[in-house]
Structure formats: structure tokens, C-alpha cells
There are 2 protein chains.
Amino acid sequence: MSLSKKSALNESEGQRPSTGVNANIAKKIRASRKKEVSVEKLFEELINGNKSALSRAITLIESTNPAVQEKGELLIEKCLPHANRSIRIGITGVPGVGKSTFIEAFGGFLADSGKKVAVLAVDPTSTVSRGSILGDKTRMETLVSHENAFIRPSPSGDSLGGVAKKTRETIILCEAAGFDTLLIETVGVGQSETTVHSMTDFFLLLKLAGAGDELQGIKRGIMEMADAIVINKADGENLKPAQKARAEFRRALHLYPAKDSGWQPKVLLCSALEKTGITEVWNLISEYKKSLKESGEFDSKRHQQNKFWMLQTIEEHLKSRFYNHPEIKKLLPAQLEALDKNETTPFQAADFLLKKYRSL
Amino acid sequence: MSLSKKSALNESEGQRPSTGVNANIAKKIRASRKKEVSVEKLFEELINGNKSALSRAITLIESTNPAVQEKGELLIEKCLPHANRSIRIGITGVPGVGKSTFIEAFGGFLADSGKKVAVLAVDPTSTVSRGSILGDKTRMETLVSHENAFIRPSPSGDSLGGVAKKTRETIILCEAAGFDTLLIETVGVGQSETTVHSMTDFFLLLKLAGAGDELQGIKRGIMEMADAIVINKADGENLKPAQKARAEFRRALHLYPAKDSGWQPKVLLCSALEKTGITEVWNLISEYKKSLKESGEFDSKRHQQNKFWMLQTIEEHLKSRFYNHPEIKKLLPAQLEALDKNETTPFQAADFLLKKYRSL
């Protein structure tokens, strides 16, 4: 109980319920106090940088049990004032580009130089496999055992939205636990790049040089999100093609307008295997952070992201209530069919469904 | 009354209200019948390709008067079975690129070769100026007087959504009036390119060659939407730079993955002034249409667009009801402020507002 005394939430500990109080209420109060006490304890450990506490905290927010989730919410609230002091780096690239090797090399370099590095992942396909990326920690065996590093596989979830919410909350927990450099990997399925892009400060696209297929498998729009393109495996016989690819990407990026923040995306080479170019990637990110901090764009971008996530959550909820309403589920197919047959316009069909919905 | 007899809607014309009927109801029936008759007349003229009727029909759907709008809805319903037989071409480009001259030359070429060409515009800024593009028809003086052409400035509206709805309905009216080639110009403000892209079959980006500034002023994402980039003013001293720009754009487009439809965007040169390259643009669009018609992608894309517009309309409405609710308007600012101060998470803030909304 000594730890709990430190918390403002336990001010009233000395007050015992009077004997006249309903037994059920007393029980509830005790349960709620117990919850606060256990959350408080976890929080104290977490804030002191205890990795095992961080793991347990993440498990709380990943739980599907409402009572446990409630504890998670409490914990997040406590962590909020301690969060937000980090750089959040999103990393994407097609399978085979060497994401794990890159993160192992890059994360190792950062951890060695004193940074506290947390590696997270967003993988909406992990529901079944429970973490198809980062799940196999042996892929990052040096980093996983580094005292300055923390690695957590993707949360599972039945929707990207659910996975994204848990990841964003995990970011808060990691930051409260003192992790100052967050690497958030995405497997690039569905909208997962967009999702990671909208929760990170810097978005890094890993590429490979190759015979004309530099961009194969990259979805439309990803190039435009990148703050840097890093061409991996720029070693041995690959070096020349990588240099050529760098020139091509530079030309291509030059064709894009500058980002809202004024940042002009850069193209770098690296070899995660030979550990060359790694320092340069970090220098670039530092330069980015410095420049955007000075202009105020760094904080402004985070505020925008927070706002985006709030509005997005609201709108997803409104939509899901509409489309999951039994009456709408019954009526929608006929409207879609009429639309396909040009028997109605999109606006008439929408109007019809909305009127029904409002009358329910 | 002879025209109205042709309509299935007037089947019951011979039945007069019995004398025992409430006078108000009788009045309403007469008013409704009158409405049907006048809409029927307008429809008959429109379907026969009468341009003045088409103009009046568009004025109906652009009206803000609910009674007139209702007539517009009726007319749209009648036109639906006659719509959908056309190619819808979206045209965008920064000011100064020569959009009007291009449309004059391109539309003139099509009208001369027997196409029936309707030129529309989407300009969300036109609310005040009542058509800042295409408003000045003298800019297309040859085309405007061509018997095969119909030009209509952007509808006004207080939102892009409103302008877009009217434009989509105008497309139906134009097609029912026999126009088989629709050119839909966008001024490129806000999201207007995305809007036009989502209502057209083919999206054409007009560009200029210039000293390194080929892409200035083009917003992110527009390049990726283009089915063709046409470099205008490729004449005289501009020809060489235009050829160089063509090579650059080809390289850049090559870096993008192919579109969902399998179409690989092309780059062409033209001079709207000297009327060179115009045939080639049309040939390209014809090739596109043929290829996508054969694969079924053409119709499938239109169905997708219809569905998109229906869902979009529904979702915009749900959002607008939420955000315009007096209670939400009152509570939202405090949540945003708490978010900016990191006193709450986006999910907690959203939850709070949604719970309030549901309890209202």
C-alpha cells in the first residue's frame, strides 16, 4: 500500500464506509479502490521504465474484457501527461525489402547511442496468426535483448481501426515509460500505411534497387506519403543499381510539390546487412525534427493527427451504427441494385435510406 | 395536354375528383397534376435534344426552392433510363495552362466530327461570382455557337458537395438530351479535382512545359489520378521544352503502378492554338474507352462511382447532423482543447461526445 499513498486518487483512503452503508455499495467501492490501486502500482512501475510493466500495461489495453479495458483507460489517463516526448517513425516497404534487418540495424544503432527504442507494428492480418510481423522476435535477436529496446508485435483485432486504436494507445504507454524513439512498422496490407502515416512524425519508405521493378508492389499514394525513401541492400553488386535507383527516385520526388510542412522528401542508400548508411538515416530524421520543431510544424502536425483520430473515431462510429442497423441492412441491397440498373440516382437512394433511418 | 397523354404518370387523367372530396385535397391534386404536366412537357423537349429545354431543366435542379427542386427530382427520374450513354471526360490544369483554349479546340473538333458535346464545370468558388470559369462564354466563342455543343457554367453552391450533386444531375440531363461527349472542367480548388475524377470516365491533366516548373501549383495526388497528361502549348519555341517535359512525365508515370483498370496513363503533346495533337487526344480516349469497355471495367467503374456517391451522401449527412447538433457544437471545442493539451486521447474525446449524442 505504500506506493498507492503517492497517488492523489487515494486521498480518501482513511475514510472507511460507515456501517450503515449498503453492503453492495461498499463492495463496489472496495473493488473500484482495488482497481485504482493495481493500476496505480502498474503506472508507478511503468513510469520508472520497467519493461515488464510496460508489457503488462499493453496487455491491459489490448484486452477484450470490458473490466480490464476500463483499467487500461485509467492507466492511459495517468500516462497522458508523461507522453508525447518522442519521435515516432513509421517504416514501410514490401515483403523482402528487409524491414526486419533494417529495424534491427537502425534500432540497434539508436539503442547503442543511448536512445530508448520501442518497436511496434501495425498488421491488420495478425488477428489469426497473432502477430505475423515482429511476432518472430528471433528475427531481431540482437535488438530484442538490448536493454534500451522494447519490441512488441502487432495487436490483433478484427479491424484496422481496432488495431490502430490499440497501437496509438501503446504509443502513449511507451512514451510514458521513457521510450524516446518509436519505430512503427507496417506490413502494407490494405490501408495500413495510411494508418501508420497518420500516427507518426516521419514516414520512411524502404525500397530495393532492381531491374526496372523498383516500384512493383507499392500501392498508389505511398510514394507521396514518404518523408524519405531509403534504398536498402545497397551493397556489393547491388550498389550500382541502387545508386541508379536513387537518381530515379530523386527525379520522381522532385516532380511532387513540397509537403505542407515545407519538407522536401529525400532519398538515401543503406545496407542494413553491412550497416552502412544507417547514421545518415538518423541524421536526416534529426534534421527533419529540428526543422519542423523550429517552424512549429512538428507540434502542429501532432495536433492535427490527434484531431484527425478523434473525428475519424466519431465518423466511423456514426457510419457503423447506420450500416449495422437491421432495417438499413435489409433496405440497402435493393437500393444498390436499383443504382446498378440506373433506376435511381445516388442522391435519391441516399435520401431514401436516410429518411428511413431518421424515422426508426 | 397532348404531350402529357404519352406519360404513364398521367394514366388517371380521366378520373375527376368526386364533388364530395375535400377542396384542399382537390387543389393539391390539381397542383401536383400541373407539376407533372409541366415536367412532362420539359422532358419531351429535352429528350428531343432541345438545348433551351436542357438549360431550363438544369435551372430546375439548381434551384434552392423546394417546390422547384421537387420538379427537378421528377425530371431526373424520367431522364434516368435515357442517361449513361456517353463518355465523361474530366479536364484539369492550373490557371494559365490554357484550359479554355484547349476545350474550345478539342470540343470544336468533336462537334465538327458529329459528336454532341456538353461542357460543364465544377467550381466551388463560383458561389459569389456565379461561374468564375466558363462564365465568360466569349472565351469559347466558336464552340458556344456550334449547333452540336452545349456549354453550362458551374452551378453555384455553398459547398463542394452541393456543387457536385448538381453537376452529377446535370450529367444525367445532358445525356438524356443526347449529348454523348461530356467535358467536365475543374478549376482545381480544394478537393474539386477529386470530385470531378470521381464522376468521370477519363481524367485528363493539362500541363505546360517550362523552365523546371512543370509541376508547380499541382496538388499532391493529381498526377496519380490522371489517365493522360497532355502538355499544351507545344508549339514554336515551346516545342522542344514540351518534348523534354513529355519524356520526364513518361518517366515519372512509369514509376507509378498501373491503375486498377489496368490502364497505363499516357503523355501527349498538343497545341490548342495551332490545333495540333487534338486528334491524338481523342484517339487515346477512344482507345481507353474501347479497352475498358471490353474488359468490363468501364461499366464497373461507373457502378463503383454511383455507389461511392451514394455512400458519400449518406456519410456526409450523418456527419453534418452530428457536428451541427447544438449540444455537440457546445461540447466539441472543450474536447479539442483538452486534446491539444494532451489531457485526453482522441478515443476518449470521441467516446465522450458519442455518448452525449446518443443520449440526446
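So that the names make sense, note that chain A is the first sequence line, chain B the second, and so on, each numbered from 1. Being a predicted model, the structure only gives us computed values, none of them experimental. The analysis underlying the following values was restricted to heavy atoms, covering all of them including side chains, and did not include hydrogens, waters or symmetry mates.
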Top residue by heavy-atom pair count (under 4.5 Å) with chain A, among B:L339, B:T344, B:D299, B:T313? B:L339

Just how far is it from atom CZ of A:F347 to atom CD1 of B:I172, taken to the nearest 0.5 Å? 8.0 Å

Counting heavy-atom pairs under 4.5 angstrom with chain A, the leader among B:Q305, B:Q335, B:R358 is B:R358

Interatomic distance, NZ@A:K341 vs CG@B:N84, rounded to 0.5 Å, equals 14.5 Å

For A:Y323, side chain to side chain contact (heavy atoms under 4.5 Å, CB included) partners two or more places apart: A:K319, A:L332, B:L311, B:I314, B:E315

List the steps, then state whether side chain to side chain contact (heavy atoms under 4.5 Å, CB included) holds for B:L336 with A:K307. CA-CA 7 Å; B:L336 285 172; A:K307 195 176 161 186; 3.6 Å; yes

Between B:R321, B:E77, B:M310, who has the most heavy-atom pairs with chain A when the cutoff is under 4.5 Å? B:M310

Measure distances from A:N342 to the heavy atoms of chain B and classify the residue's part below 4.5 Å as side chain, backbone, both or neither. both

Quick one, A:L318 and B:Y357 - any side-chain contact, counting heavy atoms below 4.5 Å? yes

Measure B:L354 against the heavy atoms of chain A and call it side chain, backbone, both or neither at under 4.5 Å. side chain

So do B:Q348 and A:E169 actually touch side chain to side chain, heavy atoms under 4.5 Å? no

Report which part of B:R302 has an atom under 4.5 Å of a heavy atom belonging to chain A: side chain, backbone, both, or neither. neither

Let me know if B:E343 has heavy atoms under 4.5 Å from chain A in its side chain, its backbone, both or neither. backbone

Could you look at B:D340 and say if it's the side chain, the backbone, both or neither that has a heavy atom under 4.5 Å from chain A? both

